[in-house]
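Working notes for the structure below.
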There are 2 protein chains.
Amino acid sequence: MGRTTVQDVAREAGVSVATVSRALTGGTVSPSTREAVRAIAARLGYQPNRAARGLITGRTGNLGLIVPDLRNPFFADVAKGVTARARAVDHGVFITDTDEDPVAELEALATLGRNTDGVLLCSPRSADADLLTAADPERTVLLHRRVPGLPSVVADIAGGIRQAVRHLIALGHTRIAYVGGPEDSWAARQRLTVLTEVPEVLILDAVAPTFEGGLVAGDLVLAGPATAVLAYNDLVALGLLHRLAARGVAVPDRVSVVGFDDVSLAVMSHPPLTSVAVPKDRSGSVALDLLLGRTGAPVVLPASLVVRASSGVVRP
Amino acid sequence: MGRTTVQDVAREAGVSVATVSRALTGGTVSPSTREAVRAIAARLGYQPNRAARGLITGRTGNLGLIVPDLRNPFFADVAKGVTARARAVDHGVFITDTDEDPVAELEALATLGRNTDGVLLCSPRSADADLLTAADPERTVLLHRRVPGLPSVVADIAGGIRQAVRHLIALGHTRIAYVGGPEDSWAARQRLTVLTEVPEVLILDAVAPTFEGGLVAGDLVLAGPATAVLAYNDLVALGLLHRLAARGVAVPDRVSVVGFDDVSLAVMSHPPLTSVAVPKDRSGSVALDLLLGRTGAPVVLPASLVVRASSGVVRP
DNA sequence: GTGAAAGCGCTAACAA
DNA sequence: TTGTTAGCGCTTTCAC
C-alpha cells in the first residue's frame with residue numbers, strides 16, 4: 001500500500017527530500033529534476049501523507065460536512081454537491097450524520113473544527129447562540145440557514161414561496177392551506193413568516209417533516225375548505241398525496257398539492273409533484289467555495305417553482 | 001478555535017506534555033493529576049490534533065467510505081450505518097462519492113488508503129482485477145459485492161430472491177418477469193444467475209437501475225404474458241409502478257410488482273411496494289467492525305421479503 | 001537549483 | 001508516577 005514516503009522517493013531519485021517536496025508541490029526545481037522525481041513518485045505509487053503535510057502547512061486539505069440525516073434526500077443532494085466540488089479542488093470531506101441530535105452536532109463541530117480546514121454545517125434546529133459559540137466564523141459556513149455573525153448559503157425561500165402562491169392563485173385557488181414543519185426549525189419559521197402575510201393562505205397545524213407527517217396533514221387539509229395545499233417539504237407532500245389517494249380525493253382535481261425542495265422523489269410520485277426547487281447540490285459547492293475562498297458575504301441562491309401534475313385549475 | 005495544544009494544557013497544569021498525553025489517552029497517571037489535566041483541557045477547549053497523533057501511532061482514527069452515488073437511497077442508508085457506527089467508536093469518516101466513475105473510484109482508493117486506517121468500498125461496477133490491485137486486503141472491506149481475496153459484507157441475495165419467488169408462486173403466479181440491471185454490475189449478474197434457474201421466471205431485457213429504467217421496464221412487461229414482475233431494485237420498481245399506472249394497468253390486480261433493497265421510498269409508493277429487504281445500514285456498521293477488528297471471514301447478512309400492497313393473488 | 005536542518009503536535013520509549 | 005527525548009512524514013527557512 002502507500003507505505004512509500006518522501007524518503008523513499010528521494011533515495012531512489014538521488015536527491016534530497018526537500019527537492020522531492022518541491023518537485024511535487026510546485027517549488028523551484030529544474031524541469032529535468034521535477035520530471036525525474038515525478039516519474040519515480042508515480043512508479044513507487046507515492047501518496048503524500050496529508051496528515052504530515054497538514055501538520056506543517058497548517059492546512060489539512062480536508063473539510064467537514066455536518067448534516068442531520070443523510071437519508072433525507074435533501075441532505076443527500078447537498079452532500080453530493082459538496083463532495084463533487086471537494087473532489088475537483090482535491091480536498092477530502094469528513095461527513096458526520098448527527099441523526100438529528102443537537103449534542104452530536106456540537107461535538108462534531110468541535111472535533112471537525114480542529115481537524116479540518118473548515119466545516120460546512122447543516123443545522124436546522126440548534127439555537128443561534130449554541131452555533132455562535134461553537135462555530136468559528138472564519139472556518140464555518142452555514143447551509144440553508146442564516147445566523148447573524150456566521151457566513152451562510154441559503155436559498156431564496158421567500159421568492160420561491162411567492163412563485164408557488166402566485167401559481168396557485170393564477171389557477172383560481174383562493175383558499176390555500178399551509179402545513180408547516182417543526183417549530184424549532186429555522187426553515188419552518190422562515191416559511192411561516194412569509195406565508196402568514198398572504199391573505200389567501202390558511203395556516204394549519206405543523207406536522208413532522210416526513211412522509212408520516214404528510215399522512216397526518218392529509219386529514220388536516222380535508223377537514224378544511226382549502227382547494228390547494230402548500231406542504232413544508234416534498235416528503236410531507238408525498239405523504240399528503242398518499243393520504244388523499246387513500247381517501248379517494250383526486251389530485252389535482254379536488255386538491256392541488258405543492259411541495260418544497262424538489263427532491264428527486266418529486267418526479268416519482270403519483271401524480272408528479274409540483275415543487276419549489278432549491279439548488280441543493282449547487283448550494284453545497286457554493287458553500288465550499290465560500291469556505292475556501294473565505295469570502296464573507298452571505299450568499300442567496302434563487303429558488304424556482306417547478307410545475308408538474310399535482311397542481312391544476314380549481315374545479316368547483 | 002482549537003488552537004490549543006498539549007503544550008498549553010501542560011503549562012497551565014504545571015506538568016509535562018507527556019503527562020498530559022497520558023492523562024488524556026488513558027496512560028499511567030495518578031488519579032489526581034488525571035483529573036486536574038482533564039479539567040484544564042476541558043476549560044481550554046483542548047481538542048487533540050488527530051493528524052499529529054496519527055503520525056506517531058500509525059492510526060489516524062479515520063476511515064474512508066467510497067460510494068458510487070450518495071443520492072441513491074441504498075447508498076445513503078449504507079453511509080448512515082457507517083457514520084453512526086463510526087461515531088460510536090470515535091472515528092471520522094471520509095466519504096467519497098465517485099459519481100459512478102471507476103477512475104475516480106480507484107483514485108479515491110489510493111488517496112484514502114494512504115490517509116485512513118482503512119476503507120469501506122461500494123463498487124458495483126469495477127473489475128475484480130482492478131479492485132485487487134488497488135485495494136489492500138488488510139485495510140479494505142467490500143460492501144455488497146464479493147471479490148475473492150478481499151474481505152466483504154454482502155446480503156444473502158439468493159435467499160431473498162427465493163423468498164420473493166416463493167411468495168409470488170404461492171399467490172398463483174406462474175409467469176414471473178425479471179427486469180435486470182446493468183450487466184457490468186456484480187449484483188445484477190448475481191441476481192441473474194439465481195433467477196435463470198427458476199423455471200417460472202422469464203428474463204426480460206436489462207434496464208438502467210433507475211426510475212427511468214423502470215418506465216422502460218413497464219412496457220417490456222406489458223408486452224409479455226407475465227402476471228408478476230421482479231424488478232432489479234426499488235427504483236426500477238417505482239418506475240414500473242408509474243408506467244403501469246399511466247397505462248391503466250391495475251397493481252396488483254393485473255400485475256404484481258416486487259422490488260429489491262427495500263429503500264425508504266418503498267413505503268411511499270402507490271401502492272406500497274413489496275420488496276426484498278437487505279440490511280443496508282447494518283451492513284455498513286458490520287463492515288466497519290470487520291475493518292477495525294481485522295476479522296478475515298466474509299460476512300453474509302440475511303435478506304428478507306417485506307410484503308406490501310404491490311403484490312397479490314393472480315386474477316385470471 | 002539544491003541540501004541540511006528545524007520543526008508542526010503529538011505519543012512512546014527510556015530514565016529518573 | 002512523572003519528565004526528557006526522540007521522532008512520525010512532511011514542508012520550509014536558510015545556507016550554499
Side-chain angles (χ1 to χ4, degrees), chain A residues 1-38 40-41 44-62 90-92 110-117, chain B residues 1-38 40-41 44-62 90-92 110-117:
Chain A
M1 210 51 268
R3 288 284 77 122
T4 332
T5 77
V6 256
Q7 309 278 358
D8 303 318
V9 180
R11 193 178 322 112
E12 194 76 6
V15 296
S16 74
V17 292
T19 302
V20 172
S21 173
R22 283 188 283 250
L24 264 24
T25 55
T28 340
V29 211
S30 83
S32 59
T33 339
R34 156 160 296 133
E35 243 350 280
V37 171
R38 285 238 163 105
I40 289 177
L44 263 41
Y46 170 69
Q47 288 280 342
N49 182 329
R50 292 194 178 196
R53 173 181 292 176
L55 209 47
I56 177 153
T57 59
R59 320 185 69 266
T60 61
N62 294 145
D90 196 35
H91 275 243
T111 322
L112 290 179
R114 181 69 161 106
N115 293 291
T116 63
D117 297 344
Chain B
M1 218 31 287
R3 288 283 77 122
T4 333
T5 77
V6 256
Q7 308 278 359
D8 302 320
V9 181
R11 196 179 320 114
E12 194 77 5
V15 296
S16 75
V17 292
T19 302
V20 172
S21 173
R22 282 188 286 251
L24 265 23
T25 56
T28 340
V29 214
S30 84
S32 59
T33 352
R34 156 160 297 133
E35 243 351 279
V37 170
R38 285 239 165 109
I40 289 176
L44 265 40
Y46 170 69
Q47 287 282 341
N49 182 329
R50 292 194 178 197
R53 174 181 291 175
L55 210 46
I56 179 154
T57 60
R59 320 184 67 267
T60 62
N62 295 144
D90 196 35
H91 276 242
T111 321
L112 290 179
R114 179 69 162 108
N115 293 292
T116 63
D117 297 344

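The sequence lines fix the lettering, A, B, ..., with proteins before strands; numbering per chain opens at 1.
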Query raised in the report: Tell me: CZ of A:Arg22 to P of D:dA15, nearest whole Å?
Result: 15 Å
Query - Nearest listed nucleotide, side chain of B:Thr28, among C:dC10, D:dG9, D:dT1 - result: D:dT1
Query raised in the report: Quick one: A:Asn115 CG to C:dC10 C1', roughly how many Å, whole number?
Result: 12 Å
Report task. Measure the distance from CD1 on A:Ile56 to C1' on D:dG9 and round it to the nearest whole Å. Result -> 10 Å
Query raised in the report: Could you state the CZ-C1' distance from A:Arg53 to C:dC10, rounded to the nearest angstrom?
Result: 20 Å
Query raised in the report: Within this structure, what is the CG-to-C1' distance between A:Leu24 and D:dT11, rounded to whole angstrom?
Result: 12 Å
Report task. Could you tell me whether the side chains of A:Thr116 and A:Asn62 share a donor-acceptor contact shorter than 3.5 Å? Result -> no
Query raised in the report: Would you say a side-chain N or O of A:Thr19 is under 4.0 Å from OP1 or OP2 of C:dG3?
Result: yes
Report task. For the pair B:Arg53 (side chain) and B:Arg59 (backbone), establish whether a donor and an acceptor sit closer than 3.5 Å, ignoring hydrogens and angles. Result -> no
Requested in this report: Check step by step if side-chain contact (heavy atoms from CB on, under 4.5 Å) holds for A:Thr5 and A:Asp8.
Outcome: CA-CA 5 Å; A:Thr5 77; A:Asp8 303 318; 3.6 Å; yes
Query raised in the report: Do the side-chain N or O atoms of A:Ser30 get closer than 4.0 angstrom to the phosphate oxygens (OP1, OP2) of C:dT2?
Result: yes
Report task. Mind calculating the distance between CZ (B:Arg59) and C1' (C:dG9) to the nearest angstrom? Result -> 19 Å
Requested in this report: Ignoring hydrogens and angles, tell me if any N or O in the side chain of B:Arg34 forms a donor-acceptor pair with the backbone of B:Gly27 under 3.5 Å.
Outcome: yes
Query raised in the report: How many Å lie between CD on B:Gln7 and C1' on C:dC8, as a whole number?
Result: 11 Å
Query - Candidates C:dG1, C:dC10, D:dC10 - which lies nearest the side chain of B:Pro48 - result: C:dC10
Report task. Determine yes or no for a side-chain-to-main-chain donor-acceptor pair under 3.5 angstrom, with B:Arg50 supplying the side chain and A:Arg114 the backbone. Result -> no
Requested in this report: Ignoring the backbone of B:Ala18, work out which of C:dC10, D:dT4, D:dT11 is nearest its side chain.
Outcome: D:dT4
Report task. Give the nucleotide from the list C:dA4, D:dT1, C:dA5 with an atom nearest to the side chain of A:Ser16. Result -> C:dA4
Report task. Assign each of A:Thr57 and B:Val15 to its nearest nucleotide of DNA chain D by heavy atoms, then name whichever residue's nucleotide is nearer the 5' end. Result -> B:Val15
Query raised in the report: For D:dC10, does OP1 or OP2 lie under 4.0 Å from any side-chain N or O of B:Arg114?
Result: yes
Query - Whole-Å gap separating C1' (D:dG7) and CG (A:Leu55) - result: 12 Å
Report summary line: Of the listed D:dC14, D:dT1, C:dT11, the closest approach to the B:Thr25 side chain comes from C:dT11
